[in-house]
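See below for the structure under consideration.
Quick note: numbers below take in every heavy atom, side chains included, and nothing from hydrogens, waters or symmetry partners. What you see is a predicted model; the values in this text were computed from it and never measured.
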Amino acid sequence: LNYQVPLSREVETPNAISAGEVIDRIKMDATGDRADVIRELTALDKQSLDLALESIAGELHASAVQLAVLESESFTDVIRNQLTARTHDAEEEDADGWGGEKIRWWTQVAGEDATLEGSDSARGAIARLGTGAGGMDLRLSNRWLFGAGGGFGAGNMGMRGLTGDS
């Protein structure tokens, strides 16, 4: 194996090139497990190397953060919907502040599909989310509203062209 050949020049995708550049910088001084991984990468053909470096680059793992952001937005929308309902109740009663029953129990289930477009430096993805929440509002006055609740959310995101998902 020729360790002098830069891995980053043997691949085509931006994330694989970035991962290859890092490995090129550290490979000459590598020992132990790191040296074993570098040896295995150096022995791969061009297509296999591209896929291996894509996996090492970790774009899929970074997508988990994006998924968490989408999920938190979904929960925020559920709470916002409940507050909007209280505001509409006040408008119907022609009152200022919060309206509706003194104690109101609520539940809401939501589902969401998101398509994230790819770019030159990132793959596109498909995300699917599900959210269920419930709670109680206690209207202390037209100006004061106390609430408590809980919920559960789940989702997954698959990156186009990668075999894993987050």
Side-chain angles (χ1 to χ4, degrees), residues 8 11-23 25-26 33-34 37 41 47-166:
S8 59
V11 292
E12 297 177 3
T13 59
N15 285 328
I17 292 169
S18 295
E21 287 171 348
V22 170
I23 291 172
R25 283 193 294 263
I26 66 169
D33 290 341
R34 187 177 295 162
V37 170
L41 289 171
Q47 183 179 6
S48 298
L49 178 62
D50 202 48
L51 291 173
L53 290 176
E54 283 275 348
S55 295
I56 291 172
E59 181 179 12
L60 179 63
H61 304 295
S63 71
V65 175
Q66 182 66 31
L67 187 60
V69 168
L70 292 172
E71 189 68 31
S72 69
E73 287 175 349
S74 182
F75 275 108
T76 301
D77 289 344
V78 167
I79 300 303
R80 191 175 292 127
N81 288 343
Q82 296 307 316
L83 292 174
T84 299
R86 278 288 191 171
T87 302
H88 287 304
D89 289 345
E91 290 172 358
E92 290 175 4
E93 296 168 6
D94 200 25
D96 291 332
W98 305 111
E101 300 293 323
K102 182 170 178 75
I103 296 176
R104 184 172 69 102
W105 295 90
W106 57 267
T107 59
Q108 185 171 340
V109 178
E112 188 174 334
D113 284 342
T115 302
L116 306 171
E117 295 298 323
S119 69
D120 291 340
S121 62
R123 294 180 183 274
I126 304 272
R128 289 187 169 64
L129 307 166
T131 303
M136 170 275 243
D137 296 337
L138 172 62
R139 185 173 53 86
L140 301 174
S141 71
N142 287 351
R143 295 279 178 216
W144 291 93
L145 182 67
F146 173 79
F152 179 77
N156 74 359
M157 179 181 291
M159 307 291 287
R160 293 190 185 124
L162 291 180
T163 56
D165 62 5
S166 63

**OP:** Show your reasoning for whether side chain to side chain contact (heavy atoms under 4.5 Å, CB included) applies to L129 and N156.
**Re:** CA-CA 7 Å; L129 307 166; N156 74 359; over 6 Å; no
Is the shortest side-chain heavy-atom distance between [X] and [Y] below 4.5 Å?
X: L49; Y: L41; answer: yes
X: I23; Y: L53; answer: yes
X: R104; Y: M136; answer: no
X: D137; Y: I103; answer: no
X: E71; Y: E112; answer: no
X: V37; Y: R34; answer: no
X: L145; Y: W98; answer: yes

Check the surroundings of atom [atom1] in [X]: do more than 12 heavy atoms from other residues, nucleotides or ligands lie under 6.0 Å from it?
X: E91; atom1: CD; value: yes
X: D113; atom1: CG; value: yes
X: Q47; atom1: CD; value: no
X: E101; atom1: CD; value: no

So which atom in [X] and which in [Y] form the shortest heavy-atom distance, rounded to 0.1 Å?
X: A16; Y: D50; answer: CB-OD1, 3.3 Å
X: F75; Y: T131; answer: CE2-CG2, 3.4 Å
X: I56; Y: A19; answer: CG2-CB, 4.5 Å
X: A114; Y: L70; answer: CB-CD1, 4.2 Å
X: R86; Y: K102; answer: NH2-O, 3.8 Å
X: G99; Y: D89; answer: C-CB, 3.6 Å

Original post:
If only atom types and distance count, is the side chain of R139 paired as donor or acceptor with the main-chain N or O of F146 below 3.5 Å?
Top reply: no
**OP:** Measure from the side-chain N and O atoms of R128 to the backbone N and O of M157, and report whether any donor-acceptor pair falls under 3.5 Å.
**Re:** no
Working to the nearest 0.5 angstrom, can you tell me the gap between [X] [atom1] and [Y] [atom2]?
X: I79; Y: T84; atom1: CD1; atom2: OG1; value: 11.0 Å
X: D96; Y: S141; atom1: CG; atom2: OG; value: 11.5 Å
X: Q82; Y: T107; atom1: CD; atom2: OG1; value: 8.0 Å

